[in-house]
Peer 1: 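Submitted below is the structure of interest, expressed as structure tokens.
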Amino acid sequence: MKYYITTPIYYPSGKWHIGHCYTTIICDAIARFHRMKGEDVFFTTGTDEHGQKVEKEAAKRGVTPLAFITPLVDEIKEMWSLLDVSYDRFIRTTDPAHAECVQKIYQKLYDSGDIYKSEYEGYYCVPCESMWTEAQLVNGKCPDCGRAVERRKEESYFFRLSKYAPKILKHYGDNPEFLQPKSRVNEMVNNFLKEGLQDLSVSRTNVKWGVPLPFDERHTAYVWVDALINYLSVLGYLSADDSLFKKYWSANLHLMGKEIVRFHAIIWPAILMALGLPLPERNYGHGWLLIGGEKLSKSKETGSEELTDPYELVKRYGADAVRYFLLREIPFGSDGEYTNERFLLRVNADLANDFGNLVSRTEAMILQNFGCVPQRGKEEAVDKELIALANGTFAKVESAMEKLNAPDALSAIFALVSRANKYIDETTPWALAKDPAKKDRLGAVLYNLAEVVRMTAILLKPFLTKAPALVLKSLSQDENAGFEALQFGGLKGGEKVEKLEPLFPRIDVKKEMQAVAEFVRANRKKSEPKKTEKKQETMKKELITIDEFDKVEIRVGEVVACEKVAKSEKLLHETVRIGGEVRSVVSGIGKFYTPEEMVGKKVVVVTNLKPAKLCGVLSEGMILCAEDGEGNLSLVSPEKLMESGGSVR
RNA sequence: CGCGGGGUGGAGCAGCCAGGUAGCUCGUCGGGCUCAUAACCCGAAGGUCGCACGUUCGAAUCCUGCCCCCGCAACCA
């Protein structure tokens, strides 16, 4: 049986946090699970490297897009290797074979009439060089700069998405597995499919860094279509050698974060339908890791002291701990809170105290009393209960994993670990050891424990990549064993047992949390001065003339009213009197000043900055602040009492 | 009335679809044990299941209304 499983391909931003690892680690555990069942698994991941963002960043640095992006791709590959991600193929959208596949697919759809040329009508802001839809405009003006926009038509190629809406709806109905969890189906149906779909613009003329369309080189492929096609191109679809495609398509599982479900559940099936290909069996949109209720990327900006850097986490606690936390702690399908404390408590309680300690005490007693695995003995009622649980655990793990529910699978395994720890208390092997007449019973008890340890190690192999192999090796067992080795009784007795170092050293949570908080703070300080250095460098580079400086109009103003901008974190909305004029100004200083203390302050304002809307509030100027290396802000004000309206130069 | 998801002991979650003793993990407190990584085992305290109304012999679960949080969506000038 074959099993084709994919992660989305990632945009290599370089700012990695464990949220990024979440999808990939779950996929990896699922892939390993199926491999251990003896299935023919193909597991892919990769990077999404085209688009305007990359183009602009590269230009800023004066390098080619590919030269800019490649080190970042190497970084993500290193991260996957640190976390033992067992992908079979890594695809980059800049691989020539991928680009070729994209072109062939566009050509195919163009030939069949599913892609056609038309015009895209929108509102164009000339200074911003941006096209906006009617819904994006703010009071009919450009949402970026607040200036007037003009209605404009732009040539674009469209994909007949509209045609497929009814078919997709029907597919959802006929295949309840297709999109999970169920709540996502409601979201897609109610928000998009029910009202019918609009044809999708699938080409861009303003983005050069992309795959050029074969039938019109002035256009590049829309990045989302480009990216989705990776699931086919990685299998060699439409290439000279499409054996992988023949063998593995369609996908058994596309796993992704909930934010991109729309693309996978609507656009992707429509494209596949247009190509006449079978649809993926299952799409699953999982939840996010949150810090204080916010997405990780956001909370990073707002300065939380949680350690989220995967490299550092692996360095401190090991790949197994990071994998375990992600797989065990986050309720699958919904969002989950991340804190260092929860991470440490979870790892301590389960891996160190329960599992690691079980292995340690079992092997210690075997070595003290027998030196090798004892013979299987006569079974009493307690033994039978333990053995039955051990033999029944795989079925529970399998049924959880069929639902992709790693937390449930792991909790079934740890129920066995727990039962074994309790079994030790019930059978009191240390007491048996004191009575030579009970040597046989002692042997039987320790054999049962050794078996449970062996089986637990095998059960844990899809989830953890280091500890299970060590445990199996220490019992002289094949570390590559699959699930077929799970029947109780696998140990024959007499196997050499090797003393292990503690698998998961216990962490002093309080101390560690302090250390982590210090580390995060120190790291932030380290990275911030760099930013200011860079700023200074660019200042040096770009000398300006006095005339240019003269273009900036700066005046003294007085804050007459101030309030927090609703729904924003740092934005304050000030009403500033500048001479006879009163202006509305929004500034990002909410972390450092309260609205109350702002009122009455003399401030220095750039008054000829083009107006903009921030969080929907009009800002007609910029209040000047000094910023230190740590991002602390201080208002700049005239050193002697000055009338509002006075100019600054 | 935009659309979804959520509100359950101190923390994080399960239970809800198919009403009937409110469960799990962590934390707290007490006890046991000493093989083991001060780990393990047992017990206890702690909940008006967001609020209100209704259906029912009986509601965390079903109905209706409301409140709060989050995402889809403009944020650090």
Side-chain angles (χ1 to χ4, degrees), chain A residues 132 135-138 142-145 181-192 194-195 258-259 261-262 287-288 290 293-295 298 301-302 328-331 333-339 341-342 345-346 348-369 407-408 411 414-415 417-418 420-433 442 445-446 449 500-509 565 567-572 585-591 606 609-617 619 621-625 631 633:
Chain A
W132 305 99
Q136 286 174 311
L137 298 181
V138 177
C142 172
D144 258 11
C145 68
K182 241 191 185 150
S183 55
R184 311 269 177 250
V185 176
N186 299 335
E187 218 169 314
M188 292 304 120
V189 171
N190 288 331
N191 284 328
F192 306 105
K194 218 162 58 185
E195 311 146 28
K258 61 183 180 180
E259 74 282 6
V261 164
R262 219 180 94 208
W288 293 328
L290 307 174
E294 287 186 317
K295 291 176 76 168
K298 242 189 200 173
E301 289 162 20
T302 55
R328 172 64 232 256
E329 186 82 1
I330 312 303
S334 39
D335 299 347
E337 267 305 309
Y338 173 80
T339 65
E341 190 179 17
R342 289 184 65 164
L345 288 172
R346 178 55 84 180
N348 250 3
D350 295 0
L351 295 182
N353 297 351
D354 290 352
F355 178 60
N357 187 41
L358 173 67
V359 172
S360 171
R361 63 203 300 213
T362 299
E363 296 194 345
M365 285 191 283
I366 288 175
L367 285 171
Q368 281 160 27
N369 295 291
D408 274 7
S411 91
F414 276 81
V417 170
S418 238
N421 275 318
K422 186 173 170 176
Y423 175 82
I424 296 181
D425 250 59
E426 289 166 339
T427 53
T428 58
W430 56 89
L432 298 173
L442 176 64
V445 164
L446 293 181
L449 285 169
L500 283 173
E501 290 300 305
L503 291 167
F504 301 97
R506 202 180 144 72
I507 302 163
D508 184 329
V509 175
V565 175
K567 285 187 183 173
S568 78
E569 277 185 27
K570 306 185 191 172
L571 294 185
L572 294 183
V585 176
V586 179
S587 23
I589 55 175
K591 280 258 156 104
V606 178
L609 200 62
K610 66 183 177 184
K613 286 227 168 185
L614 299 179
C615 257
V617 181
S619 182
M622 171 165 96
I623 295 181
L624 296 185
C625 281
L633 297 180

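Only a predicted model underlies this, so the values are computations on that prediction, with no experimental measurement involved.
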Peer 1: Just call it for P429(A): base, sugar-phosphate, or nothing, with non-hydrogen atoms closer than 4.0 Å on any strand.
Peer 2: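 If one applies the 4.0 Å heavy-atom cut-off, P429(A) turns out to touch nothing in the nucleic acid.
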Peer 1: Closest nucleotide of RNA chain B for R361(A) versus for Y423(A): which of these residues is on the 5' side?
Peer 2: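 Going by which nucleotide is closer to the 5' end, it is R361(A).
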Peer 1: Considering only the P atoms, how many Å lie between rU61(B) and rG9(B), rounded to the nearest integer?
Peer 2: 15 Å
Peer 1: Fit a plane to each ring of F414(A) and F355(A), take the angle between them on a 0 to 90° scale, and name the class: parallel (under 30°), tilted (30 to 60°) or perpendicular (over 60°).
Peer 2: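 Ring orientation of F414(A) relative to F355(A): perpendicular.
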Peer 1: Can you check the distance between rC51(B) and rA60(B), where both ends of the measurement are the C1' atom (answer in whole Å)?
Peer 2: 14 Å
Peer 1: Does rC40(B) have a Watson-Crick or wobble mate here (both distances under 3.5 Å), and if so which one?
Peer 2: rG32(B)
Peer 1: The side chain of D425(A) is closest to which nucleotide in this list: rC40(B), rC26(B), rA36(B)?
Peer 2: rC40(B)
Peer 1: When the P atoms of rG50(B) and rC62(B) are considered, how many whole Å apart are they?
Peer 2: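 Roughly 12 Å separates the two P atoms.
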Peer 1: Indicate, with a heavy-atom threshold strictly under 4.0 Å, whether E363(A) touches base, sugar-phosphate, or nothing.
Peer 2: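 Answer is nothing: E363(A) stays at 4.0 Å or more from every strand.
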Peer 1: Is there a Watson-Crick or G-U wobble partner for rG71(B) with both distances under 3.5 Å, and if so, which one is it?
Peer 2: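 Looking at the geometry, rG71(B) pairs with rC3(B).
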Peer 1: If the P atom of rG27(B) is compared with that of rC67(B), how far apart are they to the nearest Å?
Peer 2: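 Taking atom P in both rG27(B) and rC67(B), they lie 39 Å apart.
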Peer 1: What's the gap between rA18(B) and rU34(B) when it is taken at their C1' atoms, as a whole Å value?
Peer 2: 49 Å
Peer 1: Does rA52(B) have a Watson-Crick or wobble mate here (both distances under 3.5 Å), and if so which one?
Peer 2: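 Per the H-bond distance test, rU64(B).
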Peer 1: Taking rC41(B) as the reference, what is the distance to rU37(B) when you measure between their P atoms (whole Å, please)?
Peer 2: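 So the two P atoms sit 16 Å from each other.
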Peer 1: When rounded to the nearest Å, what value does the distance between C1' atoms of rC72(B) and rU55(B) take?
Peer 2: 35 Å
Peer 1: Can a side chain N or O of N353(A) be found less than 4.0 Å away from OP1 or OP2 on rC40(B)?
Peer 2: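 Checking rC40(B) against N353(A), a side-chain N or O does come within under 4.0 Å of OP1 or OP2.
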Peer 1: How long is the line joining CZ of F355(A) and C1' of rC40(B), in whole Å?
Peer 2: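 So the two atoms are 16 Å apart, to the nearest Å.
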Peer 1: Could you tell me whether a side-chain N or O of S360(A) sits under 3.5 Å from a main-chain N or O of G356(A), the two making a donor and an acceptor?
Peer 2: no
Peer 1: What does rA14(B) pair with, Watson-Crick or G-U, if both distances are under 3.5 Å?
Peer 2: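 Base-paired to nothing in any strand shown.
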Peer 1: For nucleotides rG10(B) and rC3(B), find the distance between their P atoms and express it as a whole number of Å.
Peer 2: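 To the nearest whole Å, 34 Å.
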Peer 1: Under 4.0 Å, counting only non-hydrogen atoms across every strand here, what does D354(A) touch: a base, just sugar-phosphate, or nothing?
Peer 2: sugar-phosphate
Peer 1: N421(A) near the nucleic acid: base, sugar-phosphate alone, or nothing, with a heavy-atom cut-off under 4.0 Å?
Peer 2: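 If one applies the 4.0 Å heavy-atom cut-off, N421(A) turns out to touch the sugar-phosphate alone, with no base involved.
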Peer 1: Is any side-chain N or O of K258(A) closer than 4.0 Å to OP1 or OP2 of rC72(B)?
Peer 2: no
Peer 1: Counting side-chain heavy atoms from CB outward, which of rC26(B), rU25(B), rC40(B) is closest to N357(A)?
Peer 2: rC40(B)
Peer 1: Does a side-chain N or O from R506(A) land closer than 4.0 Å to OP1 or OP2 of rA39(B), or not?
Peer 2: yes
Peer 1: Using a heavy-atom cut-off of under 4.0 Å over every strand shown, decide if L503(A) touches base, sugar-phosphate, or nothing.
Peer 2: base
